[in-house]
Number of protein chains: 2
Amino acid sequence: MRRSYLFAGLEDGDYAAISVHTQMLEVSSGQMIFAQNTPVSTIYWVVDGMVKLTRTSAQGDEKVIELIGPGRFFAEAVLFMGNGYPVNAVAQGACRLISVDGAHLKEWLAQDAQRCFRMMSGISMRLHKLVADIDRLTLMKGTDRLLQYLIDHSEPDDTGRTVVEFEAPKQVVASRIGIKPETLSRLLHKLSEQGCIEVQGARVFIADVEHLRQIKLD
Amino acid sequence: MRRSYLFAGLEDGDYAAISVHTQMLEVSSGQMIFAQNTPVSTIYWVVDGMVKLTRTSAQGDEKVIELIGPGRFFAEAVLFMGNGYPVNAVAQGACRLISVDGAHLKEWLAQDAQRCFRMMSGISMRLHKLVADIDRLTLMKGTDRLLQYLIDHSEPDDTGRTVVEFEAPKQVVASRIGIKPETLSRLLHKLSEQGCIEVQGARVFIADVEHLRQIKLD
DNA sequence: CGTACCTTTGATGTGAATCAAGAGTAGTGG
DNA sequence: CCACTACTCTTGATTCACATCAAAGGTACG
């Protein structure tokens with residue numbers, strides 16, 4: 001946690017001061033960590049597991065805004081807003097989290113503007129990502145967004161092939177990409193017919209990453 | 001400018017210190033203030049006129065992310081990111097702007113964490129708005145987004161009627177809402193056929209705001 | 001071994017983009 | 001003041017991607 005952007009360059013004394021107001025918590029799959037519109041009191045850091053941040057529409061539909069994996073903070077950007085959490089946070093599988101008390105964190109930040117700077121740059125990153133999301137959702141269509149997702153999450157595996165492992169059930173990933181589960185299934189099918197990818201459960205093997213980039217431009 | 005969130009609670013001395021590094025600039029219609037991906041050096045405050053923040057896709061399409069009117073800052077949230085401006089800023093009509101040098105502003109902020117706090121809460125607001133935009137663009141369809149826009153921008157005029165004055169040419173507003181100009185035209189037509197609104201050039205009269213809210217739920 | 005959930009597949013519907021003209025509206029210059 | 005060009009705005013016909021509805025395999029788990 002000391003290595004995350006927020007606490008980078010922390011001195012031992014500081015660390016002790018902060019950890020007094022932290023707490024480890026374990027949440028089970030599907031459990032809600034906080035709900036949209038409730039007052040912000042705490043920020044979180046993911047030790048292991050996966051947390052999904054979602055918005056619920058008036059009709060009750062759920063849209064996944066972001067998936068947070070180990071080593072990342074969430075809710076830290078809204079600490080100063082006063083409006084309450086803008087999203088729901090739900091455990092995607094069992095998770096361990098560290099919660100940091102908001103009021104105390106603010107107090108700690110107030111002591112040194114440099115700490116604030118680090119935080120601001122972290123927040124700016126997130127802002128930047130959201131802007132990128134907006135144009136992914138408007139400028140690009142579903143297929144493009146899927147390809148982008150695959151490219152972004154691809155890594156070489158043991159055998160040297162390029163592979164993407166879905167970080168969550170397909171329905172969740174579909175929502176993250178901004179399409180329906182049915183459509184995701186169809187798109188994956190279409191791409192494997194074309195020989196670009198090979199699907200094995202939650203694993204997608206990519207024949208040629210460059211080729212995917214090409215398709216995106218058609 | 002002293003009344004804006006960023007400089008609220010400013011003391012006279014501070015004000016003088018800041019204003020040394022500001023500059024008034026006049027830009028003509030269509031002029032680009034900064035381009036996407038160029039390094040961030042300056043933030044801006046709108047005196048009068050309107051600035052549009054856009055993203056350009058690989059295909060050259062332009063999507064309006066936000067329209068900034070008088071009394072508002074822009075680009076302040078990305079000052080700490082180091083990645084360059086995430087958007088283009090283009091004058092929508094003739095504008096007068098005040099530019100504030102980024103490096104000096106940072107220096108000023110570094111002196112007092114409280115100043116940072118105010119800024120962070122401003123940034124958080126923007127973040128919150130972007131999240132709201134994302135679900136408007138995904139959870140709602142075009143008609144809903146238009147209605148939402150109308151409701152958000154409606155005000156009573158001299159004669160007591162509720163009216164929305166488009167802040168920019170219809171094509172720009174269309175892009176802001178996330179639809180094509182043709183579609184906007186059709187939607188407006190459809191709504192006036194239904195008697196909900198009356199369109200007069202860039203002015204839209206609303207018969208019954210509550211009624212619009214109703215329609216949104218159908 | 002059966003219930004519950006996730007995923008796939010098929011048939012159908014619809015919102016909005018696209019393509020293609022035409023109608024206003026405005027600014028320019030003879 | 002009127003033609004001339006250049007936009008912005010509307011309208012229609014067509015196409016397409018994606019959602020929706022419905023149902024059938026799969027897979028996990030008590």
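Below, all heavy atoms of this structure are taken into account, side chains as well, without hydrogens, waters or symmetry copies. In the text below, chain A, chain B and the rest are named by the order of the sequence lines, each starting its count at 1.
Map B:Arg186 and B:Gln171 each onto its nearest nucleotide of DNA chain D; the residue landing nearer the 5' end is B:Gln171. DNA chain C is contacted by both A:Lys141 and A:His189; A:His189 maps to the nucleotide lying nearer its 5′ end (nearest heavy atom per residue).
A close approach under 4.0 Å does not occur between any side-chain nitrogen or oxygen of B:Thr183 and OP1 or OP2 of C:dA16.
Per the geometry, CG belonging to A:Leu188 stands 14 Å off C1' belonging to C:dT9, to the nearest Å. Rounded to whole angstrom, the span from the CD atom of B:Glu182 across to the P atom of C:dT18 amounts to 8 Å. The distance between atom CZ of A:Arg203 and atom P of D:dT27, rounded to the nearest whole Å, is 14 Å. Whole-Å rounding puts the B:Asp61 CG to C:dA17 P distance at 11 Å. For the pair B:Leu146 CG and C:dA16 C1', the computed distance is 14 Å after rounding to whole Å. Put simply, CG on B:Leu139 is 17 Å from P on D:dC18, counting in whole angstrom units. To the nearest angstrom, P of D:dC16 lies 17 Å from NZ of B:Lys180. One can place CE of B:Met140 at 18 Å from C1' of D:dC18, the figure rounded to the nearest angstrom.
The closest side-chain donor-acceptor pair between B:His211 and B:Asp208, if any, does not fall under 3.5 angstrom. There is a side-chain donor-acceptor pair under 3.5 Å between A:Asp152 and A:Gln148. There is no side-chain donor-acceptor pair under 3.5 Å between A:Asp135 and B:Ser57. There is a side-chain donor-acceptor pair under 3.5 Å between A:Asn88 and A:Thr56.
When heavy atoms are screened at a 4.0 angstrom cut-off, A:Ile179 is found touching the sugar-phosphate backbone but no base atom.
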